[in-house]
Structures are given as C-alpha cells and as structure tokens.
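Just so we're on the same page: letters track the sequence lines, and every chain starts at 1.
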Amino acid sequence: MTPDQIFVTVGGLAIVGFVAWFFWLKRTPGVKASVVSDGYQEQMVLVKGGYTPDTIRVAAGRPVRLLFRREETAACSEQVVLADYGKSAPLPTGTVVPIEFMPGDPGEHEFTCQMGMLRGRIIVEAA
Amino acid sequence: MTSAHTAATDRIGHRHHVSPTASAEAASPAGDRQAEYGTLMRKWWFGAAVGVPTMILSYPWLIPGLRDLFPRESPQLWWLWVAMGVASLAVLVYSGEQFFAGAWEALRHRSANMHTLIAIGTGTAWIYSTVALLLPQLFPSEAMTDVYYDVTVVVTALVVLGMAMEVKARGRTSEAIEKLIGLAPKTARVIRDEAELEIPVEEVVVGDIVAVRPGSKVPVDGVVTIGASAVDESMITGESMPVAKSPGDEVIGATINKTGAFRFRATKIGSDTALATIVRMVGDAQASKVPIQRIVDVVSGYFTPAVLILSVLGFVIWYDFGPAPAFAYATIVAVTTLIIACPCALGMATPMALTTGVGLAATNGILIRSGDALQAAKKIDTIVLDKTGTITLGRPAVTDIVPAGGFEPDDVLALAAAAERDSEHPLAAAIVDGATERAITLAAPAGFEAVPGQGIRAWLGERRVLVGKQDFLEAAGVNAAGLEGEAARLADEGKTPVFVALDDRAAGVIAIADPVKSDSVASIAALRKLGLQVVMITGDNRRTADAIGRSVGIRRVLAEVLPQDKAHEVRKLQLEGRTVAMVGDGINDAPALAQADVGFAIGTGTDVAIEASDITLISGSLRGVVSAIAISRATMRNVYQNLFGAFVYNALGLPVALGVLYPVIGLLLSPILAALAMSFSSVTVISNANRLKRFKLAEVAA
C-alpha cells in the first residue's frame, strides 16, 4: 500500500466511526416540559428540518401539551404523528398547533413526521 | 411566555371549532403545498436551463462543432469550465438551497435524511471539480482533470423536479378529504319569528327549525318535523339511491334534497355534525400509522447514516483497489451511492397508500378509524354478522297469531301488547305496532319486569301476563307444551314465536318476523367470495335462526345467544384460531365489536363516532362491509407493493452504485442516472398509491 492509500483508508474508517457515533450513539439529555397554570406540562416545539427540542422529558400522571410551530414549507414536516398516543395534527406553516395527551407510564415514545424522517422523543419519567 | 402560548392555543382552538371549512383557508396544508410546488418548479426550470448547456460543454470533444473551439487542455476550455463552475454554484445556491438547509437542520438534530445525502453528493462533486480546476497539481495525472459540474447541476435539477412531482401527487392523495370539506353547506334557511331567514350555517343553533327547498343542501344534522321528500345521501353514506324522509326521520347535513320540501329541527351543528366528525376521523386515520410502518421506521432510522457509511467505504475501496485515476473513480462512486439511495420511497410507501385508501373508503360512506384497523381488516378470515338490524331490517312485524284453546287471536295480541307496552325490546315494538294496526286498545300494566333475553312479566290488575320464550313460561310454572308444534312450524319458517301466558295458562303464540334487507343475500355471497367464513349471531331460537341462515346463505349460525354473551361467542371463535370481524349496530353490540379483531358498526346515521368500532359504516347496507374489506385488502396490497418496490430499489441500486458490477461486466453508474432513478422511484411509489383511487367497488359488490 502506498502512503496515500493508507491515509485514505485510515481517514475513511475514522469517518465511518464518527458517522456511527454521531447519528446512533450519542444522545441528548433533552428538555424538561414546564408545568403551566392549568396543570398541563407544556413545551413549545419548533419544526424546521427537525424538532427543536427533539427530546422532551415529562412526568408521568400529568397531562402534556406540546405546542408545535412549523417554520418551513417543505412538505416533509406538514404533519406530526404521536403514534403511541394515537394523536396527529397537520401543521400549517407559521401557526401554533397544540397536541394534548396523557403521558402514561414511564417509558419512551416517539413523535415523527408522517414519513418517519423527522423524529423526536418523549421520555416519560416517574413523577 | 406561557400566556403567549395560551393565547395562541385559544386562537387555534377557536379556528378549529368554527367549521370544517376553516381548514380550507390559505393557511391550510393544501395552500402550503401549492406554494411549495410553485417554488420547486421555478428551481427546476433554473436548474434545467443551466443544466443543458453544462451537460453539453462538459464534454465538448464529443461534439463535432465544439471539438475545435474547445480542444482538451486548451486555456479556453479552462475558462469555459470556470464559468460553468460559477453557474453551477448558482444552481446549488438557488435550486439546491433546501438540500443544504435541510441537511444542516437535520445535522443539528443528529439525524440525516434525503437532504443530507443530496447535499453531500452534489457538494462533493462541485468541490472536487473546483479543486481539479484550480489546483490541478494535487492530482497525480499530468493531463487536465475532467470536471463534474454537470453532475452538480443535473442531479440538483432532477431531484428538485422529483420533489415537485411528489408534492403534486401528495396533494392528490388527500383529494378525498378536501372533497368532503368542500361538501359543507354555506348557508341555511331557518324559521325565526315566523319568517324564513337565510343565515350563514355557523349561526344555526340547536333547536332551530330549518327549511329545505327542493334541490338544496341540508345544512346541518337534524330530525324532520314537517313535510316529506327524497334525499340524496350518497356523498355521506355511499348509498346511491335517494332515501325517503318523513317526520321523525333523521337528515344528515351536506346531503341534497331532491323532490319535496320539508322542515327539520337542527340537532347537531358546527363541529358536532356528521360531516365535521367524518372529516376529523378521516384526517386522524390518514395520519395514523399502519403497524407495519413501525418496522419501516426502525429501518429508515438506520438507513441514511448507513448510506453515508457505505459511500465512505466505497470511496476507500475504489481508492485502494480501483483503476486509475483512482481519486476520480472513488469520488464518482461515493457521489453516486449518496444520490441513488432513496430514503423517501421507503418512508412514503405506507403513508401514501393509507391516505389514499382511507380517503377512498370515506367517499363510500366507510370510516376506517386507523391504520391498525386497516391492517387488521385485511387479515380477517371470519365475519360474524349480528342478525337483527344487520342482515334484517331490524323492524320486526307480527305475522301470525296462534291462540290456545279458549282465546281469540286479538285477545292474545291485546294481552301481549299491554304487557310489552313499556318495554324497549324490538319485538315489543312489533307487538305493540301489530295491536295498533288491528285497532286494539292497550290496557296499562300495573307492574312490569323484563328478564333480558328471556321475556317479560307484567301485571294487568291482579292478573299475571308472561310474554317470552317457552322456557321462560315453563320456568314460571306455565305448561306451554300444547303450543310447541305450532311454534316449531313458525320457527321453521324463520319467524320468532313468542309465547303468551295469562296467569298459569298458555294463551297463544305470536309469530314475529324481521324482513331480510334486500341486498343482504348478495352481500353475504360477496363476503364468501372474498374467502371469509360468514357466521350469523342472534338471540333467536335455533330453528328461527337456522331458517334465516338458510334463506340468506349462511351455514354457521350461533343461535340463542344472549346479548351479553355475544362478546364471549366472538372470543370462542378467536380461540379457534380465527381472526374475527364483528358487524353490529355499535350500541347493543359494543362489547362484541370491541372483542372482535375488527368491529364494524353499521347503519350509524349521524352517530358516526361510535367508539367501539374500528370501521364505521354510515349506511345500513351490508354491501359497505364488503367494500370496506375489499378496500382494506387493496390498500394493504398497495402498501406491500410500495414497500417491496422501495426495498428492492435500494437493495439493487446501492450495490450497483458502489460498483459491484464493475469487475464483472464493467458497469459503473453515472451520478446523473442515479438521480433519475432516485426521483423516479419516489414518484413511482406515490403514483402507485394514487392508483388505488381507481379501485372499482362495483367489481367486488357484484
């Protein structure tokens, strides 16, 4: 092997390792939804190329209200689906759309766009 | 911050409650989609305008006229390519802007999607070409390195075109719901202060008397008070024949009055109307997930990063082992791999088919609650039909009266009718109606007690009247054996014999029959043709049940099932290893509908939101069950076709792009072909889903 081949091979494998770590292994701690005056745990979620924040921690046993605000026109994100809670809503650009649900037992649930390309997680923690 | 949220929430909540038409405003997904389509098409035309000359001028030595103007290695060719580099950068910035923005946004969320792949692919081709142009000394070969600006421009243009077609096709999949929303009437003529007043439909309140002229739309749901007419309900129930309406009948908003004029009392308005509920349910169902999608989601979560990894590995292998110029080959392989992978086809396969299938069902008066219901409906092998109201009209009538010795027929009917006067049992209504028709005056019972599934016990003054099954009478010490023969004969004719006793003496038998609906026989035959075992369930005695079963072509009949045991019977069928659908009225049969793998509520009229059911049939015809199953099957078939296509496409496309065929037959894919294939695959998935709309219900109902 020539030096440049060794360089490309080592560099390539390093990139592969980085991609796997970056997309699959590293996880963010997420944002804890705050309790508002009507007793709901509320969190604003910005929809633009993804969900911000994409990991939301909520306490079990208290209703949750997620406020989705879509700030793009790409068709991908025009619908948000909380499959585990049987909830979904169309998200017109620039409008705040609330979705309410009871979080249920501690565990993890996903929310996604209709095609499952954009993903977010709801982590239900023991109250 | 919180109060701002709340204010915003209120605003949305309000807008949603006004009327279903609100969502057809400019801020709707349909409006967004139109704008998105326009933008994408402009981006495509710009990309195409730059793309065509770029394609030609990338290989001027292949074109006779240009060969002499721009010979290889010439300075004018270098300048030409610099100009192309600038033009293609413009295409990346304008037409390809969403790829880079999308990739960056996704990256910030530690995810990767189609945008990531296209952005890295086109970006790499551009940077490679620019480096080759400006710093040729980095490249080993002394010859001037070829550039790939054409890849950058044409791939961007093609993928943008694919996205535009996708947006357009997505719009078509949701046409059904938009058509439903469009059905909503705008105005109503209400009677206020004795005058007929035309007002916007939002201002109608419950209890208003609404006048409907011939040829106009029924504005909201209600009950007819005066007048009679025929109403075309096909847009809601899927029934093509107009339905006769007279006082007491329910009318559904958005249906069209044909001939007569009538007035009705509004019972449901705004978001409570059948139409608004249907629109809401269809929207929810379209956005729900078919169970198989959960598997696909897991796959697509790994898919895009996996393609990135494959592309890097492809580069390394081609660089280490590929032919010269290794760097150029390796780059092209890596770019082609990124571009050919189509996570979109995978992601869209199920939702597109679901949206189309659920919409198609809704336009036929069939409301499929969710993707789960759809997938389950495809799997059923046994269908249980509740007899009363499902196979039969559910309006039984007295057909024969056989008195015992010492009683007159009218006496028997009078006793039974008096006893049953306050009962809510459907047979009671038949007896009371029968007595009314014969002009018999009903005595008022002093006491009354119903034993579910058995009969009733009533006191007329001091005298005890029993009306019910033979067992019920005998358990109370009445000898009804003398009537057994007559009862058996009536039962063999498919009629229900009801025994009547006065004190301890049997008084007679009243035969009641519930006429079979006109299309039940054909529908049951169609269900069997779909390969389902059809089972009838009824509280009737064995003989009656068998007689009706025979007349409609059902072999397996579950007779003498008490209402509360229906769910248990469904469970028993499930224990036989069957996947069971139950068809019933959604109120009395709710537990059985919930127990079944798929519950069909039939003939719900305006009560479309029956909780226990997975599939709601607004009309009362069994044909709807046949259509619902046929649509579910066609939709799931479409889902599998799409998934299969998407998987096979990626499974074949990726290795070819990586060049596995190169050592064998020397085939290496051009990135431009990869872009064509990628756009084509996602458009194919959507077109296939749209094909569902042409699904003909007539074929299965015949």
task = Side chain from CB out, backbone as N, CA, C, O: work out which of these in B/Glu36 comes under 4.5 Å of a heavy atom of chain A, or both, or neither.
result = side chain
key: Validation row: A/Val8, B/Phe327 side chains within 4.5 angstrom (heavy atoms)   = no
note = Whatever's closer than 4.5 Å to a heavy atom in chain A on B/Ala35 counts as neither
request  = Check whether B/Thr355 gets within reach of chain A through its side chain, its backbone, both or neither, counting any heavy atom under 4.5 Å.
outcome  = side chain
request  = Give, for atom NZ of A/Lys48 and atom CH2 of B/Trp104, the distance between the pair rounded to the nearest 0.5 Å.
outcome  = 12.0 Å
ask   = So, does B/Glu105 use its side chain to make a donor-acceptor pair with the main chain of A/Gly50 at under 3.5 Å?
value = no
Residue selection (most heavy-atom pairs with chain B, distance under 4.5 Å) from A/Ile6, A/Leu118, A/Leu82, A/Val19 = A/Val19
Under 4.5 Å from a heavy atom of chain A, the part of B/Leu107 involved = both
task = Looking only at non-hydrogen atoms, find the nearest pair between A/Trp24 and B/Pro305 and report the distance.
result = CZ2-CB, 3.5 Å
query = chain B heavy atoms under 4.5 Å from A/Phe18: which part of the residue, side chain, backbone, both or neither?
reply = neither
inquiry  = To check you understand the geometry: which heavy-atom pair defines the closest contact between B/Arg108 and A/Thr52, and what is its length?
reply    = NH2-OG1, 4.2 Å
key: 4.5 Å side-chain heavy-atom contact, B/Thr304 and A/Phe23   = no
task = With a 4.5 angstrom heavy-atom cut-off, could you sort out which part of B/Leu308 is near chain A: side chain, backbone, both or neither?
result = side chain
ask   = Considering only heavy atoms from C-beta outward, does the side chain of B/Leu313 approach that of A/Leu13 to under 4.5 Å?
value = yes
ask   = Checking A/Thr55 against chain B: side chain, backbone, both or neither under 4.5 Å from a heavy atom?
value = neither
inquiry  = Given heavy-atom pairs under 4.5 angstrom as the criterion, report whether the side chain, backbone, both or neither of B/Tyr302 touches chain A.
reply    = both
